[in-house]
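These notes are about the structure you will find just below.
Remember, it's 1-based here, ligands and their atoms both numbered in the order they're listed.
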Amino acid sequence: EAIGVNFIDIYHRKGPYSQQLPFIPGMEASGMVEEVGKAVTEVRKGDRVAYAMQTGSYAEYTAVPSWKLASIPDNLDFRAACAAMLQGMTAHYLAVDTFPLKKGDTALVHAAAGGVGRLLVQIAKLRGAAVIGTVSNEDKATVAREAGADHVVIYTEQDFEKEVKKITNNGVDAVYDSVGKETFEKSLNCLKPRGCLALFGQSSGPVPLFDLGLLSKAGLFITRPSLSLYVTNRKELLQRTGDLFRWIESGALKLKTETFRLKDASKAHTALENRQTSGKLLLVP
Ligand code: NDP
């Protein structure tokens with residue numbers, strides 16, 4: 001019914017995360033269960049489900065390990081459920097487990113109008129943190145502010161390190177950095193002593209080799225997390241999707257989606273690659 005487009009689809013297509021050919025892209029979708037294997041107990045034929053972390057979703061049918069399927073609550077539509085899966089679970093694990101934000105913390109979120117970024121801003125606010133978001137233009141600044149960011153820095157025009165230092169006393173507690181190469185060094189400089197940098201993506205390119213000795217000045221922490229390490233079994237999947245679906249149903253988490261026809265998948269990729277999008281991109285077969 002709906003297919004999620006994620007930045008990783010671009011890495012798969014272009015080669016940084018190479019795949020064996022023939023290859024069907026896509027790591028997220030929602031739809032109906034058409035058929036189940038003999039040992040499957042989690043879902044039944046006809047169930048409305050959504051999944052992430054399984055390649056092959058740019059297609060009408062996909063075989064998915066049953067533990068990865070989340071049942072969609074009755075009052076959530078297929079598109080909303082799909083939009084919550086990969087980027088939603090990522091934002092969830094980052095704010096809840098990688099650096100568990102709490103009231104009084106300040107977080108810096110790069111690409112704050114993006115798919116993960118916009119959800120991460122909202123979840124950070126739900127947990128009581130103050131949020132500084134970075135974006136590349138004024139339209140995206142509006143999106144980030146509407147998501148709840150307390151401060152927004154247009155990092156293509158302003159030096160975000162200087163701006164963060166002006167806004168905070170001695171830096172932020174956590175930086176969630178999905179941009180990588182172009183932001184990494186300044187992201188570290190934005191942290192307060194013993195702060196944590198969660199480098200979870202590389203939209204601008206991979207971070208070059210780094211001298212760990214540089215962390216000793218402020219006792220900083222760096223982690224390079226990935227969704228598959230934070231959703232390793234059905235219990236974790238249901239905990240994260242349970243929170244996300246509940247927040248969406250209650251209006252606490254607001255989605256922003258843009259829809260393309262499946263046959264226009266290349267247009268969705270071009271837009272995402274060229275920083276022309278905000279929120280979630282969906283393909284509809
Ligand atoms: P986004 O919607 O965030 O799109 C990428 C955004 O990155 C752009 O909109 C742009 O925002 C910003 N950006 C900055 N520099 C560049 C550049 N040179 N080229 C392209 N974009 C740039 O994508 P997703 O939400 O799908 O993914 C965000 C990142 O998180 C990706 O790197 C992805 O691989 C990673 N990720 C990691 C996961 C994990 O578990 N480790 C899971 C999910 C995603 P702006 O214009 O405001 O700068």
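- Close approach of ligand 1 to Gln202 (heavy-atom distance below 4.0 Å) involves ligand atoms 32 (O).
- Using a 4.0 Å cut-off between heavy atoms, Val116 contacts ligand 1 through both its backbone and its side chain.
- Listed by number with element, the atoms of ligand 1 under 4.0 Å from a non-hydrogen atom of Ser178 are 29 (C), 30 (O), 32 (O).
- In terms of modelled atom types and a separation under 3.5 Å, the side chain of Arg240 and the main chain of Tyr230 share a donor-acceptor contact.
- In summary, the atoms of ligand 1 found under 4.0 Å from a heavy atom of Leu272, numbered by their order in the structure, are 2 (O), 4 (O).
- At a 4.0 Å heavy-atom cut-off, ligand 1 touches Pro225 through the backbone alone.
- Put simply, the side chain of Gln122 does not reach to within 4.5 Å of the side chain of Trp247, judged on heavy atoms.
- Nearest to atom 1 (P) of ligand 1 by heavy atom, out of Gly88, Ser228, Gly115, is Gly115.
- The option from Glu28, Lys140, Met53 that lies nearest to atom 9 (O) of ligand 1, judged by heavy atoms, is Lys140.
- Looking only at protein heavy atoms, the nearest one to atom 6 (C) of ligand 1 is Ala111 CB, 4.0 Å.
- When hydrogens are left out, the protein atom nearest atom 13 (N) of ligand 1 is Arg275 NE, 3.7 Å; that is the closest non-hydrogen contact.
- Considering both main-chain and side-chain atoms, Phe7 comes within under 3.5 Å of ligand 1 through a nitrogen or oxygen pair.
- A donor-acceptor pair under 3.5 Å links the side-chain atoms of Asp177 to the main chain of Gly180, judged by distance alone.
- When only interatomic distances are considered, the shortest N/O to N/O separation between Leu86 and ligand 1 does not fall below 3.5 Å.
- If you look at Tyr155 next to ligand 1, the close heavy atoms, those under 4.0 Å, all belong to the side chain.
- Of the protein's non-hydrogen atoms, Phe200 O, 3.7 Å is the one closest to atom 36 (N) of ligand 1.
- Ion pairing of Arg127 with Asp105 is absent here, as no side-chain N (NZ or NE/NH1/NH2) approaches a carboxylate O to less than 4.0 Å.
- Annotation: atom 47 (O) of ligand 1 to nearest protein heavy atom, Ser136 N, 3.1 Å.
- Contacts with ligand 1 closer than 4.0 Å are made by no heavy atom of His110, backbone or side chain.
- For Phe184 and Phe210, the ring centers are positioned less than 6.0 Å apart.
- Of the candidates Tyr17, Tyr11, Tyr93, Tyr93 brings a heavy atom nearest to atom 40 (O) of ligand 1.
- Nearest protein neighbour of atom 31 (C) of ligand 1, counting heavy atoms only, is Ser203 OG, 3.4 Å.
- Interface of Ser226 with ligand 1, defined as ligand atoms under 4.0 Å from a residue heavy atom, comprises 39 (C), 40 (O), 41 (N).
- Shown in contact with Val179 at under 4.0 Å from a heavy atom are these atoms of ligand 1, numbered in order with element: 14 (C), 15 (N).
- Judged by the shortest distance from any of its heavy atoms, Arg118 lies outside the 4.0 Å radius around the atoms of ligand 1.
- The backbone N or O of Asp139 sits less than 3.5 Å from a side-chain atom of Asn137, completing a donor-acceptor pair.
- Checked against a 3.5 angstrom limit, the closest N/O atoms of Leu227 and ligand 1 fall inside it.
- The aromatic rings of His12 and Phe23 stand perpendicular to each other, their planes meeting at an angle above 60°, with 30° marking the opposite boundary.
- Ring geometry, His110 versus Tyr155: the interplanar angle falls under 30°, so the pair is classed parallel (tilted spans 30 to 60°).
- Between Leu244 and Met89 the shortest side-chain heavy-atom distance falls below 4.5 Å.
- A salt bridge does not link Glu146 to Lys256: none of the charged side-chain nitrogens sits closer than 4.0 Å to a carboxylate oxygen.
- Between Val284 and Arg79 the shortest side-chain heavy-atom distance falls below 4.5 Å.
- Screening Val43, Val40, Val231, Thr232 for a side-chain contact (heavy atoms from CB on, under 4.5 Å) involving Trp67 leaves a single residue, Val231.
- Here is the list of ligand 1 atoms found below 4.0 Å of a heavy atom in Glu273: 19 (N), 20 (C).
- Ligand 1 lies nowhere less than 4.0 angstrom from a heavy atom belonging to Ala113.
- Of the protein's non-hydrogen atoms, the one nearest atom 18 (N) of ligand 1 is Ser204 CA, 3.5 Å.
- Glu249 and Arg246 are not joined by a salt bridge, as no carboxylate oxygen comes within less than 4.0 angstrom of a charged side-chain nitrogen.
- Put simply, the side chain of Thr223 does not reach to within 4.5 Å of the side chain of Leu199, judged on heavy atoms.
- At a heavy-atom cutoff of 4.0 Å, ligand 1 is contacted by the side chain of Arg224 but not by its backbone.
- For atom 42 (C) of ligand 1, the closest non-hydrogen atom of the protein is Thr90 OG1, 3.2 Å.
- Taking 4.0 Å as the cut-off between side-chain N and carboxylate O, Lys68 and Glu28 do not count as a salt-bridged pair.
- Remark: the backbone N or O of Ala50 is not paired with any side-chain donor or acceptor of Ser30 at under 3.5 angstrom.
- Below 4.0 Å from some heavy atom of Gly201 lie the following atoms of ligand 1, by number and element: 32 (O), 35 (C).
- Backbone and side-chain nitrogen or oxygen atoms of Gln87 are examined, and one is located within less than 3.5 angstrom of a nitrogen or oxygen of ligand 1.
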